[in-house]
Amino acid sequence: MEIKITTRQILKVLYILSWLIFVGICIDTGGVIFNAIYAFFFKPIVAKYFWNGLDLSSLFQFDRGYFLVETFLMSIVGIMKAIMFYLIIKLIHDKKLNLLQPFSNEVRKFIFTLVFLTFGIGLFSSWAVNYAEWFESKGVIMPDINLLKIDGAGVWLFMSVVLFIIAQIFKRGIEIQEENELTV
């Protein structure tokens with residue numbers, strides 16, 4: 001007996017996974033934003049026990065403005081990741097992905113949006129990493145880049161290029177599809 005997994009089933013699983021990832025990223029990013037604001041305006045001790053156990057107290061003591069900039073960059077990266085998964089959820093939920101005719105302007109726009117989001121995540125991640133490395137060169141004790149969730153800038157930039165190529169293929173697919181509809 002052979003079990004066949006359909007594309008619709010895979011999309012349902014991906015839909016659920018996208019929701020889980022989206023909620024996780026929102027909670028994580030919200031935690032960073034809340035803790036940054038709370039540490040900056042109310043209780044500086046929070047910088048020592050930052051979100052997810054990060055210790056940003058050395059950065060906070062070094063300069064409160066730099067603390068805000070680094071947490072701002074971390075927040076931007078998180079927000080862009082959340083937007084990316086929101087768009088994935090929206091595409092699947094609104095049923096704008098037609099499996100019978102996958103080459104549509106909706107999907108093309110979606111892919112181009114992902115290109116810009118992944119490029120932005122790559123740029124802001126790179127900026128945040130360089131900033132953190134600069135702090136370390138000044139003697140500020142910084143948590144590992146992985147814990148700050150700003151690692152992988154090169155991967156995000158590479159992904160944006162791959163998605164751009166896929167977007168161009170979709171653009172050409174739409175042109176061919178439209179030409180075929182006109183000749184029928």
Side-chain angles (χ1 to χ4, degrees), residues 12-94 96 109-164:
K12 284 181 185 178
V13 170
L14 290 175
Y15 180 71
I16 293 167
L17 283 175
S18 295
W19 262 111
L20 292 172
I21 293 169
F22 173 71
V23 169
I25 291 172
C26 286
I27 291 170
D28 197 52
T29 304
V32 169
I33 293 168
F34 176 81
N35 278 269
I37 292 170
Y38 196 71
F40 191 81
F41 291 109
F42 301 108
K43 289 201 174 193
I45 191 72
V46 170
K48 182 162 182 61
Y49 308 102
F50 204 73
W51 181 252
N52 279 341
L54 293 176
D55 182 1
L56 295 176
S57 59
S58 181
L59 176 59
F60 191 84
Q61 291 169 356
F62 179 70
D63 188 286
R64 291 171 64 137
Y66 288 146
F67 170 82
L68 268 185
V69 170
E70 186 69 17
T71 55
F72 178 73
L73 292 172
M74 290 167 55
S75 300
I76 288 176
V77 169
I79 289 168
M80 292 178 94
K81 288 177 184 178
I83 290 170
M84 188 170 63
F85 277 95
Y86 171 76
L87 292 174
I88 292 169
I89 291 166
K90 188 167 171 30
L91 179 78
I92 296 172
H93 181 268
D94 293 348
K96 292 185 178 178
K109 289 176 189 174
F110 167 75
I111 295 172
F112 269 115
T113 304
L114 288 185
V115 167
F116 292 115
L117 282 170
T118 54
F119 186 73
I121 293 168
L123 284 179
F124 283 103
S125 293
S126 177
W127 190 8
V129 167
N130 290 338
Y131 219 43
E133 289 172 350
W134 181 75
F135 295 141
E136 288 177 339
S137 74
K138 298 292 182 191
V140 176
I141 299 168
M142 290 293 292
D144 187 48
I145 300 301
N146 294 335
L147 296 174
L148 294 173
K149 298 199 169 98
I150 53 173
D151 57 334
V155 174
W156 286 105
L157 292 171
F158 179 75
M159 186 173 153
S160 71
V161 171
V162 171
L163 286 171
F164 183 73

Please list every donor-acceptor pair under 3.5 Å in which a side-chain atom of residues 72-87 meets a protein atom from a residue at least two apart or in another chain.
| from | atom 1 | to | atom 2 | distance (Å) |
| --- | --- | --- | --- | --- |
| S75 | OG | T71 | O | 2.8 |

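- Judged by distance alone, the side chain of S137 and the main-chain N or O of W134 form a donor-acceptor pair under 3.5 Å.
- Residues that satisfy the ring-ring contact (aromatic ring centres under 6.0 Å, His included) test with F41, not counting sequence neighbours, are absent from this structure.
- The closest side-chain heavy-atom distance from F124 to W156 is not below 4.5 Å.
- In this structure, I150 and A128 approach most closely via the heavy-atom pair CD1-CB, 3.5 Å.
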Dump the intermediate steps for side chain to side chain contact (heavy atoms under 4.5 Å, CB included) on F50 and V32, then the final yes or no. CA-CA 8 Å; F50 204 73; V32 169; 4.1 Å; yes
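- Within the 4.5 Å cutoff, the side chain of L148 has heavy atoms near those of the L54 side chain.
- Residue F67 comes nearest to A47 through the heavy atom pair CE1-CB, 4.2 Å, listed as atom of the first residue, atom of the second, then distance.
- Annotation: the span from Q61 atom CD to I141 atom CD1 amounts to 9.5 Å, rounded to 0.5 Å.
- Listed by chain and residue number, D94 satisfy the salt bridge (charged side-chain N to carboxylate O under 4.0 Å, His left out) test with K90 (two or more places apart in sequence, or in another chain).
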I'd like a table of donor-acceptor pairs (distance under 3.5 Å, sequence neighbours excluded) in which one partner is a side-chain atom from residues 110-118, with atom names and distances.
| from | atom 1 | to | atom 2 | distance (Å) |
| --- | --- | --- | --- | --- |
| T113 | OG1 | K109 | O | 2.8 |
| T118 | OG1 | L114 | O | 2.9 |
| T118 | OG1 | V115 | O | 3.0 |

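- Of all non-hydrogen atoms in F60 and P44, the two that sit nearest each other are CE2-CB, 3.3 Å.
- Smallest separation of non-hydrogen atoms from A153 and S125: CB-CB, 3.8 Å.
- Within the structure, the salt bridge (charged side-chain N to carboxylate O under 4.0 Å, His left out) test picks out the following pairs touching residues 51-77 (sequence neighbours left out): K48-D55.
- Residues F40 and V46 fail the side-chain proximity criterion, which asks for heavy atoms closer than 4.5 Å.
- Annotation: the span from S57 atom OG to Y49 atom OH amounts to 8.5 Å, rounded to 0.5 Å.
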Could you give the side-chain donor-acceptor pairs of residues 15-26 under 3.5 Å, partners two or more places apart or in another chain?
| from | atom 1 | to | atom 2 | distance (Å) |
| --- | --- | --- | --- | --- |
| Y15 | OH | W19 | NE1 | 3.2 |
| S18 | OG | L14 | O | 2.7 |

